[in-house]
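The next block holds one structure in the form of structure tokens; read it before the comments.
Just so it is clear, the model here is predicted, and its values are computed rather than measured. Each chain gets a letter, A, B and so on, in the order its sequence line appears, and its residues count up from 1.
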There are 2 protein chains.
Amino acid sequence: MEPIRAVDWAPGRTALRIIDQRLLPVTFERRDLTTADEIREAIATLAVRGAPAIGVAAAIGLAVVARHAAAAKDVGTGREAFVAAWNTAADLIAAARPTAVNLAWAVGRMRTAAARTPGSAAAVATALEAEADAVLSEDREMCAAIGNHGLGFVPDGARVLTHCNAGALATAGIGTALAPVYAAHAAGRRVSVIAGETRPLLQGGRLTAWELTRAGVPVRLVTDGMSASLMRTGEVDVVLVGADRIAANGDVVNKIGTYAVAVAARHHGIPFVVCAPSSTIDSCTPTGAGIPIEHRAADEVAAASRADSAQVAVWNPAFDLTPAALVTAIVTDRGVWAPPYSFAS
Amino acid sequence: MEPIRAVDWAPGRTALRIIDQRLLPVTFERRDLTTADEIREAIATLAVRGAPAIGVAAAIGLAVVARHAAAAKDVGTGREAFVAAWNTAADLIAAARPTAVNLAWAVGRMRTAAARTPGSAAAVATALEAEADAVLSEDREMCAAIGNHGLGFVPDGARVLTHCNAGALATAGIGTALAPVYAAHAAGRRVSVIAGETRPLLQGGRLTAWELTRAGVPVRLVTDGMSASLMRTGEVDVVLVGADRIAANGDVVNKIGTYAVAVAARHHGIPFVVCAPSSTIDSCTPTGAGIPIEHRAADEVAAASRADSAQVAVWNPAFDLTPAALVTAIVTDRGVWAPPYSFAS
């Protein structure tokens with residue numbers, strides 16, 4: 001089966017091709033996006049999600065927008081009008097998810113490429129295509145490198161527990177936390193995964209279970225409260241999770257529920273391994289205590305129970321903090337880090 | 001506000017009055033049941049749930065059925081025909097949830113009361129009413145006793161974490177795990193509760209949050225993956241949970257997800273206290289390893305994610321085992337037990 005490509009060029013490079021993750025796991029549907037509005041909407045509504053995937057989507061999307069604008073007669077062939085129109089598109093896409101660091105980073109990189117390229121609109125469009133290509137390739141290589149560096153944690157027969165979705169659907173490549181799983185699977189090792197459903201938004205149940213099933217990796221779906229019991233009965237060999245941000249001391253901020261898994265892993269003597277792009281490491285933040293945690297709407301939690309969030313208080317942080325002391329290893333595209341962590345710049 | 005009565009006599013003792021828990025938390029509706037069919041259906045469909053509440057519902061229900069039969073002209077006044085018809089009703093109700101130990105116990109107790117009572121149908125019906133009254137009173141007293149014995153774990157200002165629903169809705173009285181909370185609240189202590197939503201069936205979100213809110217006890221609803229983070233940030237003083245069965249060595253079988261909470265509590269040095277009727281202690285089972293765990297339908301887990309349970313394997317045990325070593329204390333109606341536990345008969 002062909003690999004999952006959450007974000008990619010459409011054939012001929014005339015569009016950004018995405019998997020519409022809003023429809024998963026019920027419907028697997030690709031969409032080809034060509035306008036800034038379509039791309040903004042796809043990012044804002046989580047048709048594309050996952051920090052690396054969002055960055056790549058923005059880069060390819062902005063290259064596609066440039067290409068069509070450069071080819072269109074009505075924009076004019078003047079560089080100035082072309083760049084002005086393209087910058088408006090870049091503003092629009094950058095604002096799709098204001099807090100997504102990777103989105104701002106990718107749009108900024110495309111802006112720099114446009115600014116530094118002399119010549120006609122066509123020349124700028126060509127440079128942007130090359131830059132988007134670089135962003136895409138680097139993301140895939142980042143995933144592959146995490147997979148290779150993490151292979152040692154996934155020996156033949158390994159039973160991996162993961163949380164949320166840090167898989168192929170979150171990147172342009174084979175994912176971050178799931179990269180070592182895919183690498184081991186590709187190397188012919190028997191590997192299976194236990195996917196925590198990840199309340200409240202169920203990324204594990206909706207996305208991780210789907211993409212592993214599609215890739216032929218045996219997966220078992222559990223509620224978040226079940227993982228510890230599987231550890232107790234000896235059914236988990238290693239925990240692999242992603243990270244949204246890693247502090248200089250190795251404290252890890254990741255999807256809510258990650259910390260509970262880390263505590264249970266420690267109790268059972270099971271390695272708890274964080275797999276993330278090196279760009280996730282924030283060497284300017286000394287510890288996790290300095291990282292603000294986004295709190296989301298009460299109804300994301302309350303709705304499932306049909307509880308009245310006007311009556312019942314709800315606590316709904318999007319992320320939690322796992323202290324470095326519970327992290328067995330941090331795997332990035334640059335290698336494997338063991339404690340004590342010291343990423344200070 | 002009047003107390004929550006999950007199961008009770010209707011005024012005049014002509015019916016079993018229940019709160020229809022299938023409609024909670026959206027609609028609070030009482031129902032008065034008078035026929036064996038209605039009572040069976042209420043138990044089978046979880047309109048009444050919680051082991052103690054089911055037992056009381058069966059006892060009151062069978063008394064009500066007997067009363068109406070004894071008063072009816074068409075059954076005849078002969079004791080034999082009356083008891084035969086009543087036994088058929090008892091069979092029907094006992095089969096509503098075949099694995100509910102408390103249901104079988106309560107029906108058996110009513111059968112014994114019928115069998116040992118001489119005289120007319122009316123005499124038997126009167127005896128059954130008295131027996132149901134005893135079952136009801138004992139259940140309320142059991143709850144109150146757990147509340148009193150557990151008061152020491154809920155000092156003024158206590159922030160209690162609980163899982164599932166072992167509250168008033170699960171009993172005829174003030175609950176088991178929540179009994180010390182209600183007792184502390186009644187004693188004027190400030191007490192607040194964090195309710196884990198308890199996937200997959202969300203008893204915490206649907207029932208615990210509702211009943212505490214109604215009783216005026218501040219409650220905060222969280223997903224099961226959030227509890228550990230609240231422990232880390234010092235927002236939990238004690239964990240109170242119920243039990244479905246306790247082995248002779250103190251191993252506790254309770255709702256799935258309980259073990260994860262116990263592990264997190266131990267990691268953070270927070271007392272993990274099990275509150276349950278003394279009838280929950282199974283002194284003939286040496287350890288929890290001997291207790292079979294019911295596994296339920298995959299779709300209970302998969303449906304929330306809309307995952308295809310024909311493609312994705314699901315693990316859905318209804319209960320988990322918490323080893324006695326993680327249990328700080330066991331509070332029953334007979335007192336407080338500290339480790340090492342030894343309930344062997």
Side-chain angles (χ1 to χ4, degrees), chain A residues 24-26 163 194-200 202-207 209-210 212-214 218-233 255-264 266-268 298 301-302 304-309 311-317 320-321 323, chain B residues 24-26 163 194-200 202-207 209-210 212-214 218-233 255-264 266-268 298 301-302 304-309 311-317 320-321 323:
Chain A
L24 291 176
V26 178
H163 186 69
I194 295 158
E197 65 175 4
T198 317
R199 280 278 294 149
L202 298 163
Q203 293 92 337
R206 291 188 293 112
L207 305 176
W210 179 85
L212 289 168
T213 301
R214 188 162 184 282
V219 59
R220 186 152 57 148
L221 177 62
V222 299
T223 67
D224 302 322
M226 293 174 186
S227 307
S229 283
L230 285 169
M231 294 183 188
R232 190 182 69 76
T233 52
K255 184 65 55 194
I256 186 68
T258 301
Y259 174 64
V261 174
V263 167
R266 169 59 50 93
H267 183 81
H268 298 91
V301 172
S305 302
R306 301 195 298 164
D308 180 355
S309 59
Q311 294 276 331
V312 178
V314 171
W315 192 61
N316 187 20
D320 62 24
L321 172 66
Chain B
L24 292 176
V26 178
H163 187 68
I194 295 158
E197 66 176 3
T198 316
R199 280 277 294 149
L202 297 163
Q203 293 92 337
R206 291 187 293 111
L207 304 176
W210 180 85
L212 289 168
T213 300
R214 189 163 184 283
V219 60
R220 187 151 59 148
L221 177 62
V222 299
T223 67
D224 303 322
M226 294 175 185
S227 307
S229 284
L230 285 170
M231 293 183 189
R232 190 182 68 76
T233 52
K255 185 64 54 191
I256 185 69
T258 301
Y259 175 63
V261 174
V263 167
R266 170 57 51 93
H267 183 80
H268 297 92
V301 172
S305 301
R306 301 194 298 164
D308 181 354
S309 58
Q311 293 276 333
V312 177
V314 171
W315 192 62
N316 187 20
D320 63 23
L321 172 67

Do you know which two heavy atoms are closest between [X] and [Y], and how far apart they sit?
X	Y	result
A/Tyr259	B/Ala228	CE2-O, 3.3 Å
A/Gly225	B/Ala260	O-CB, 4.0 Å
B/Arg306	A/Leu24	NH2-O, 4.5 Å
A/Ser305	B/Gly205	OG-CA, 3.2 Å
B/Leu221	A/Ala302	CD2-CA, 4.2 Å
A/Val301	B/Glu197	O-OE1, 4.0 Å

Side chain, backbone, both or neither: which part of [X] has a non-hydrogen atom closer than 4.5 Å to chain B?
X	value
A/Ser229	both
A/Asp308	neither
A/Leu321	both
A/Pro323	side chain

Looking at [options], which has the largest count of heavy-atom pairs under 4.5 Å with chain B?
options	result
A/Met226, A/Lys255, A/His268, A/Met231	A/Met226
A/Thr223, A/Val261, A/Val222	A/Thr223
A/Ile256, A/Asn316, A/Leu230	A/Leu230
A/Arg266, A/Gln311, A/Gln203, A/Arg220	A/Arg220

- Message: Quick check on B/His163 against chain A: is it the side chain, the backbone, both or neither that has a heavy atom closer than 4.5 Å?
- Response: neither
- Note on the structure: Scored by heavy-atom pairs under 4.5 Å with chain A, the best of B/Val314, B/Asp224, B/Leu207 is B/Val314
- Query: Which of the residues B/Leu202, B/Thr233, B/Ile194, B/Thr258 is involved in the greatest number of heavy-atom pairs with chain A at under 4.5 angstrom?
  - Reply: B/Leu202
